[in-house]
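Read the structure below first, then the notes.
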Amino acid sequence: MMPPLAPRFAASAIAALVPLFLLWWMAADGIATTLRPAVSQVVRSLMPIEAVLPDGHKGWRVETGLVVTEGKASGRLEIATFDVDRHMLRRLSLSWPLLFALMLAPPRAAGLAPRLAAALAILATLFVAGACVELFCRVAMLVNHQRIFENDVLPTVRVAAPAYSDAAFFGGQLGLSAALFFQPFVVPPVLWLALNPRARSVLFQAALDDGLRARPDIAGVRSARPRPGKQRSKARRE
Amino acid sequence: MLRNRIHPGYRYVLIFAALMIGGMAALLADPVEKDVVVPFTGALTTLSAALIDAAGGTASAAGEQLSLSGHCTVIVANGCNAVEASVALAAAILAFPAPLGRRLVGTFVGVGLIQVVNLLRIISLLYLSCWSMRWFEFFHWYLWDAVIMLDCVLVFIGWCRWQQRFRPA
């Protein structure tokens with residue numbers, strides 16, 4: 001006899017997470033290295049950044065186009081640079097094993113391979129977006145000489161550039177907070193539900209039915225379509 | 001009315017997104033940080049120290065700092081207090097199309113469960129920091145976050161299944 005769906009889902013997701021997490025642990029630096037050119041391309045077109053290079057410690061060295069005005073090491077012309085820690089980059093891809101663990105646990109969607117490919121593409125895009133926000137915040141810290149988070153260390157140099165507006169700075173804070181602290185928790189379940197109609201129907205169908213009962217116009221349209229009805233009855237059997 | 005014009009599924013996504021963004025923005029506001037998050041984090045370290053003492057260890061808490069026998073100290077900073085995971089879970093439950101009472105029960109019980117797991121996380125990280133910084137970093141940056149995320153998903157699914165029991169047949 002099959003165990004009920006929720007415990008089966010929990011056990012399968014945890015069982016899948018262990019090897020996927022190990023796999024991710026070995027591949028995380030490779031993910032950051034592979035996506036570095038894409039990040040470099042985007043930030044060079046949007047911010048005063050000239051190059052995003054490897055730093056030799058599996059992190060990144062970012063060369064800005066900002067001239068240092070205070071805190072120079074020598075009397076010569078200096079361009080501000082900063083390093084992005086490998087832990088920070090790894091954290092941006094932390095949601096990858098979590099999402100794949102959820103997608104591999106029952107109830108699985110039909111046509112899993114294309115859905116996994118779609119998930120991979122979305123996760124890669126989110127990594128690039130998160131890294132761009134991180135780099136924007138580091139540039140904003142340099143330019144505004146202001147901390148993004150309370151625990152941040154202020155840059156030792158000052159640069160010649162007009163400061164970003166308060167709204168842009170707050171937008172950066174919000175984006176970085178989302179990328180580092182919320183993205184690992186929110187992206188896997190949201191994408192899992194978006195890419196898995198069976199999970200969606202098991203979790204939400206009862207509530208959606210209640211909502212649709214109040215809207216006979218939509219309920220009528222839905223009942224004329226055969227596929228959602230089939231999925232619903234399958235889900236209920238489980 | 002707008003409520004009747006939007007499909008319930010899309011309405012859920014919109015309300016969830018609005019609550020999430022509102023929660024994230026609120027956590028960045030200075031008054032929330034000083035008057036809510038910092039005292040809450042202090043309470044977490046005090047509770048962690050009390051639990052360690054009750055289990056036979058010797059721990060002390062001072063603000064956001066938690067120390068074990070004066071040898072190892074960890075600072076429970078933002079991001080380590082599971083406030084973000086709690087906001088995400090609360091947003092997912094509060095946006096759900098269910099009666100308010102069940103949503104409130106789900107939010108309080110769910111956030112409580114997340115914080116229980118987070119207490120285990122803080123205590124285990126304190127002991128790991130005494131033993132190996134390498135393992136401390138692995139658990140701190142990655143593994144515990146994965147566990148808390150999975151905890152959030154399981155709590156949410158459990159609550160969804162629980163609240164569906166009350167529907168008329």
Side-chain angles (χ1 to χ4, degrees), chain A residues 4-7 9-10 13-14 17 20-21 24-25 28 87-88 90-91 94-95 97-99 101-102 105 148-151 170 173-178 180-190 192-194 199-200 202-215 217-218 222, chain B residues 3-9 11-13 16-17 20-21 23-25 27-30 33-34 38 75 77-79 82-89 91-92 96-99 114 137-138 140-143 145-154 156-158 160-165 167-168:
Chain A
L5 187 64
F9 165 77
I14 292 167
L17 187 59
L20 284 170
F21 202 78
W24 167 81
W25 179 251
H87 288 304
M88 194 70 82
R90 280 174 165 247
R91 216 182 143 76
L94 182 58
S95 52
L98 310 177
L99 175 60
L102 293 178
I148 292 288
F149 297 128
E150 212 172 286
N151 301 336
F170 182 73
Q173 282 180 315
L174 197 63
L176 191 59
S177 171
L180 291 180
F181 302 125
F182 284 90
Q183 187 253 118
F185 301 113
V186 175
V187 165
V190 168
W192 169 61
L193 286 172
R200 216 161 47 226
V202 169
L203 278 182
F204 292 102
Q205 203 54 60
L208 289 183
D209 283 348
D210 289 344
L212 288 171
R213 231 173 262 149
R215 297 193 50 198
D217 51 327
I218 293 182
R222 282 175 69 92
Chain B
R3 186 183 168 83
N4 284 335
R5 248 185 268 150
I6 304 175
H7 187 281
R11 197 167 68 223
Y12 173 71
V13 173
F16 171 68
M20 275 291 302
I21 294 168
M24 283 194 293
L27 288 179
L28 289 173
D30 269 350
E33 163 82 21
K34 280 182 189 140
V38 172
I75 294 171
N78 277 347
V83 167
E84 293 82 5
S86 301
V87 167
L89 180 68
F96 201 87
I114 298 292
E137 290 207 335
F138 172 72
H140 173 230
W141 280 85
Y142 312 111
L143 193 68
D145 273 4
V147 171
I148 287 189
M149 189 289 297
L150 203 57
D151 186 30
C152 281
V153 174
L154 295 179
F156 179 68
I157 291 173
C160 276
R161 308 286 285 179
W162 171 79
Q163 69 88 26
Q164 282 172 15
R165 283 185 192 174
R167 295 176 69 242

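Each chain gets a letter, A, B and so on, in the order its sequence line appears, and its residues count up from 1. All values reported here derive from a predicted model rather than from experimental measurement.
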With a 4.5 angstrom heavy-atom cut-off, which part of [X] approaches chain B: side chain, backbone, both or neither?
X: Phe181(A); result: both
X: Pro184(A); result: backbone
X: Leu180(A); result: neither
X: Leu174(A); result: both

From Met149(B) atom CE to Ser95(A) atom OG, the distance as rounded to the nearest 0.5 Å: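 Those atoms lie 8.5 Å apart.
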
Rounded to the nearest 0.5 Å, what's the gap from CD1 on Ile148(A) to CG on Leu28(B)? Could you check? 9.5 Å

What is the minimum heavy-atom distance between Trp141(B) and Leu94(A), and which atoms define it? O-CD2, 4.0 Å

Below 4.5 Å from any heavy atom of chain A, which atoms of Leu27(B) appear? Answer side chain, backbone, both or neither.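 Contact with chain A is through the side chain of Leu27(B) alone.
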
Contact part of Leu150(B) toward chain A, heavy-atom cut-off under 4.5 Å: side chain, backbone, both or neither? side chain

Those residues that, when tested against Trp25(A), pass ring pair (Phe, Tyr, Trp, His ring centres under 6.0 Å) (two or more places apart):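 Phe138(B), Tyr142(B).
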
